[in-house]
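Working notes, beginning with the structure itself.
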Amino acid sequence: MCGPTMGCCRELSQSLLNGVKMASMWCNSVTSNGYLLSLPGGGAWEILLAKRLDQLTSESDAEYITKRALQKGLLSIALGLYINALPGKLSRKKMADFYQAATSKDDTLVWVDPTTGCVGKAEHERLPLEPFSTQLLLVQSVLNLLGQLLRMDSMLSVSRLPSIKDTVDSDSDE
C-alpha cells in the first residue's frame, strides 16, 4: 500500500482551505433579507467596471490619470484570466481581439469562457457567479496597489540579468 506524496497532501489541503474560504465568502455575501449578493464571474464584472470608468472619464477630468490607471488594472485582471484560459500561446491577434471585445462601446456583458479561452458575449446560463465580497476585496487590493505606485518617486529596472557565461567571461579577462 502507498499513500499520497507530501506534495499531493499539500495540494489537497490547500484546495480544501480554498473551498472553505469561498464558502465563508458566500455566507458573508447574504443580505439581511436573505438575498445573495453575487456578481458575474469570468472577468465580466471587471470588464463592465472598466467600460463604465471609460464612459465617466474625460481628459479634462482632474482624476483622469487615476481613473485610467484603475481601468487598465481591471482590464489586466480579465486579461490574466484570458491568458490562463487560452489553449496555447498568446498572439498579438488574440490580444487585439481581447481588447476589442473588452473595450467596445456597447453595453453587452463580455466574459472570458474558461473552457474554450474565448472572449465574447456572456450567456447567462453559462456565466459563473462570484460572491460580492471577493470582488470588493479585489478592487480594494487594486486601489491599494495603485495608491502605492502613485506615491513612488521612481522605479528601478534591470534590462537583463547577467548570465553565468557573461560572469565567467568577465572573470577570465582579469
Side-chain angles (χ1 to χ4, degrees), residues 1-54 69-104 107-152 155 157-158 161:
M1 285 181 60
C2 60
T5 63
M6 190 57 141
C8 184
C9 287
R10 271 193 299 257
E11 189 175 331
L12 289 171
S13 173
Q14 188 63 43
S15 296
L16 180 64
L17 287 174
N18 287 343
V20 169
K21 185 176 180 180
M22 184 58 81
S24 169
M25 293 237 179
W26 274 108
C27 291
N28 291 338
S29 296
V30 177
T31 64
S32 58
N33 9 350
Y35 292 109
L36 183 66
L37 294 175
S38 60
L39 295 169
W45 187 77
E46 290 88 353
I47 292 171
L48 185 63
L49 188 56
K51 283 183 178 183
R52 291 291 181 250
L53 278 171
D54 187 44
L70 179 58
Q71 179 189 18
K72 297 293 183 190
L74 289 166
L75 283 178
S76 70
I77 294 167
L79 178 63
L81 291 170
Y82 179 59
I83 291 170
N84 290 337
L86 274 178
K89 289 181 67 175
L90 180 67
S91 66
R92 287 184 187 264
K93 183 183 180 329
K94 289 180 182 177
M95 181 86 100
D97 291 345
F98 169 80
Y99 277 111
Q100 183 179 4
T103 58
S104 66
D107 283 340
T108 57
L109 192 60
V110 177
W111 75 308
V112 177
D113 188 346
T115 56
T116 62
C118 294
V119 178
K121 185 178 176 186
E123 302 163 2
H124 294 287
E125 61 272 357
R126 294 191 57 213
L127 191 66
L129 295 177
E130 296 176 356
F132 176 75
S133 55
T134 59
Q135 296 295 338
L136 183 63
L137 287 172
L138 178 75
V139 171
Q140 286 174 341
S141 298
V142 169
L143 289 173
N144 285 335
L145 177 66
L146 287 173
Q148 290 173 2
L149 288 174
L150 291 173
R151 284 192 296 266
M152 291 177 137
M155 285 195 227
S157 67
V158 176
L161 293 175

Any [X] side-chain heavy atom under 4.5 Å of [Y] side chain:
{"X": "Val139", "Y": "Trp45", "value": "yes"}
{"X": "Leu49", "Y": "Gln71", "value": "no"}
{"X": "Tyr99", "Y": "Leu75", "value": "yes"}
{"X": "Leu74", "Y": "Leu53", "value": "yes"}
{"X": "Thr103", "Y": "Asp54", "value": "no"}

Rounded to the nearest 0.5 Å, what separates atom [atom1] in [X] from atom [atom2] in [Y]?
{"X": "Ser15", "Y": "Arg10", "atom1": "OG", "atom2": "CZ", "answer": "13.0 Å"}
{"X": "Leu79", "Y": "Met95", "atom1": "CG", "atom2": "CE", "answer": "5.0 Å"}
{"X": "Arg52", "Y": "Ile47", "atom1": "CZ", "atom2": "CD1", "answer": "13.0 Å"}
{"X": "Gln100", "Y": "Lys93", "atom1": "CD", "atom2": "NZ", "answer": "8.5 Å"}

Determine the minimum heavy-atom distance between Gly43 and Ala78, stating which atoms define it.
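Shortest heavy-atom contact: O-CB, 4.1 Å.
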Residue Gln140 excluded, over 12 heavy atoms near CD under 6.0 Å:
yes
For residues 75-85, the side chain to side chain donor-acceptor pair (under 3.5 Å) pairs (sequence neighbours left out) are none
Heavy-atom donor-acceptor pair, Ser141 side chain to Leu137 backbone, under 3.5 Å:
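Checking the backbone N and O of Leu137 against the side chain of Ser141, a donor-acceptor pair under 3.5 Å is found.
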